[in-house]
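Worksheet: one structure, shown below.
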Amino acid sequence: MKHDISPELTELFKKKASVLGYSIREEAAEHDPQLLLSAFRDQEQICKFEKTGAMRFRRDSPFVEERKELHSLLLDLKERYDLYLNARPLDCEGVRDFRLISEFGNHLLAAKQSKDNEIRFVTWQYDYDRSGVTLGHYYETNYQGALKDFTVRSGLLDENQLFSEDEMAVLYASCVFRGRNDDDLTFESEKELQAVIVKLESNLPQQSMEQETTPEQEAEHGI
């Protein structure tokens with residue numbers, strides 16, 4: 001179930017958008033009951049957001065990348081809030097302020113809303129009678145990291161089927177190198193290779209991609 005944007009989520013979005021250089025203002029409800037927020041940068045309006053998270057903008061607005069950045073941020077935060085609000089309280093001694101996101105076998109994924117309005121995630125193992133939990137792996141606000149850890153710990157996914165960050169970085173550098181230097185690539189092969197590169201880019205930090213491609217770029221310039 002998807003929820004409207006709560007006051008807590010609004011405050012968190014304002015804080016994170018401010019770090020990126022945006023100003024978020026709340027709209028007066030009497031003007032448009034569905035409209036909730038307006039986003040600005042340097043007094044220029046970027047877009048508006050409805051209570052559901054839907055985005056509004058002028059068709060002639062030139063701020064395409066800014067809209068993508070803000071909408072991605074809001075939807076990411078809202079996904080965590082929806083997960084938390086849809087989850088039931090965790091009925092285990094000492095952690096009843098957490099909610100149960102998912103469980104499989106003797107392992108579980110849980111979340112807690114902190115005083116700073118962030119949703120924080122942890123994976124645990126149930127104790128022998130399932131009245132408590134142990135062996136916590138704490139992921140702070142990293143939902144994807146916690147979800148990956150849960151699927152591996154619980155046995156839903158074999159760890160040997162996953163690439164580590166270092167392995168993905170090496171694979172990314174190899175794909176980029178081939179794309180730049182293989183003159184025999186067919187059109188279809190080039191499309192498939194580009195799809196792999198895009199997928200790897202979405203799962204790698206910028207720093208890892210830069211580290212793996214820098215040596216090859218230096219060689220191109222004769223350094």
Side-chain angles (χ1 to χ4, degrees), residues 1-6 8-13 15-17 19-20 52-54 68-127 130-172 175 195-209 212:
M1 177 181 177
K2 294 185 177 181
H3 301 265
D4 284 350
I5 296 172
S6 65
E8 294 83 4
L9 176 53
T10 296
E11 290 306 311
L12 181 60
F13 179 55
K15 181 174 70 174
K16 289 188 175 291
V19 172
L20 298 174
T52 60
K68 287 182 180 178
E69 184 175 44
L70 281 169
H71 204 201
S72 176
L73 172 62
L74 180 60
L75 293 182
D76 181 55
L77 296 175
K78 190 174 185 300
E79 178 189 21
R80 301 179 206 172
Y81 263 77
D82 286 345
L83 281 169
Y84 177 78
L85 293 173
N86 289 333
R88 61 179 173 84
L90 183 57
D91 188 19
C92 286
E93 185 177 351
V95 291
R96 288 191 172 90
D97 52 344
F98 282 82
R99 293 192 181 190
L100 179 63
I101 303 298
S102 187
E103 63 181 345
F104 186 78
N106 289 323
H107 292 86
L108 65 149
L109 171 62
K112 174 184 179 180
Q113 183 175 339
S114 302
K115 292 180 179 179
D116 60 0
N117 296 320
E118 292 274 16
I119 305 297
R120 290 180 160 80
F121 299 90
V122 58
T123 67
W124 278 305
Q125 179 179 320
Y126 282 114
D127 61 17
R130 299 176 77 90
S131 64
V133 293
T134 186
L135 301 176
H137 294 179
Y138 295 86
Y139 282 84
E140 291 297 314
T141 60
N142 182 6
Y143 168 61
Q144 292 302 326
L147 180 61
K148 178 181 175 181
D149 183 65
F150 167 69
T151 58
V152 172
R153 291 187 76 181
S154 65
L156 284 168
L157 188 64
D158 185 350
E159 189 171 13
N160 291 325
Q161 295 177 333
L162 301 173
F163 287 109
S164 69
E165 183 177 308
D166 288 342
E167 290 170 334
M168 285 194 293
V170 172
L171 182 58
Y172 173 78
C175 290
V196 172
I197 290 173
V198 170
K199 193 169 185 179
L200 287 167
E201 285 177 341
S202 67
N203 287 278
L204 276 172
Q206 184 66 31
Q207 184 179 3
S208 294
M209 291 187 288
E212 290 301 325

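Since this is a predicted model, take the numbers as computed values, not measurements.
- With rounding to the nearest 0.5 Å, the separation of CG in Asp82 from CD1 in Ile119 is 10.0 Å.
- Geometrically, Arg130 engages Tyr126 in a cation-pi contact defined by less than 6.0 Å to the ring centre and at most 45° from the axis.
- Closest approach of Thr52 to Lys78, counting heavy atoms only: O-CE, 3.1 Å.
- Under the side-chain contact (heavy atoms from CB on, under 4.5 Å) criterion, Leu74 pairs with Ile5, Phe13, Phe49, sequence neighbours left out.
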| Does the pair Leu90 and Leu108 meet the rule for a side-chain contact (heavy atoms from CB on, under 4.5 Å), with working shown? | CA-CA 10 Å; Leu90 183 57; Leu108 65 149; 3.7 Å; yes

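- In this structure, Tyr139 has its ring center no closer than 6.0 Å to that of Phe121.
- Screening residues 97-117 for ring pair (Phe, Tyr, Trp, His ring centres under 6.0 Å) gives Phe98-Trp124 as the qualifying pairs, with residues at least two apart or on separate chains.
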| said: Using side-chain contact (heavy atoms from CB on, under 4.5 Å), reason through Glu103 and Leu109 one step at a time and then give a plain yes or no. | reply: CA-CA 6 Å; Glu103 63 181 345; Leu109 171 62; over 6 Å; no

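- Separation of atoms OG (Ser72) and CG (Leu70) is listed at 9.5 Å; rounding is to 0.5 Å.
- Side-chain atoms of Tyr172 and Val196, non-hydrogen and from C-beta on, never get closer than 4.5 Å to each other.
- Of all heavy-atom pairs between Met1 and His3, the closest is O-CD2, 3.5 Å.
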| request: Determine, stepwise, if the pair Asn86 / Lys2 fulfils side-chain contact (heavy atoms from CB on, under 4.5 Å). | output: CA-CA 8 Å; Asn86 289 333; Lys2 294 185 177 181; over 6 Å; no

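- Under the rule for a salt bridge (charged side-chain N to carboxylate O under 4.0 Å, His left out), Arg99 has no partner lying at least two apart in sequence or in another chain.
- One distance of note links CG of Leu171 with CG of Leu200; it measures 5.0 Å at 0.5 Å rounding.
- A distance of 5.0 Å separates CG of Leu100 from CZ of Arg88, quoted to the nearest 0.5 Å.
- For Glu11, the salt bridge (charged side-chain N to carboxylate O under 4.0 Å, His left out) criterion is met by Lys14, not counting sequence neighbours.
- Residues forming a salt bridge (charged side-chain N to carboxylate O under 4.0 Å, His left out) with Glu79 (at least two apart in sequence, or on another chain): none.
- Between the CD1 atom of Ile101 and the CZ atom of Phe150 there is a distance of 10.5 Å, given to the nearest 0.5 Å.
- The pair Arg80-Glu8 does not meet the salt-bridge criterion, since no charged nitrogen lies less than 4.0 angstrom from a carboxylate oxygen.
- Between Cys92 and Val133, the shortest heavy-atom contact is SG-CG1, 4.1 Å.
- Residues satisfying the side-chain hydrogen bond (donor to acceptor under 3.5 Å, both in side chains) test with Asn142, not counting sequence neighbours, are none.
- Rounded to the nearest 0.5 Å, atoms OH (Tyr81) and OG (Ser6) are 5.0 Å apart.
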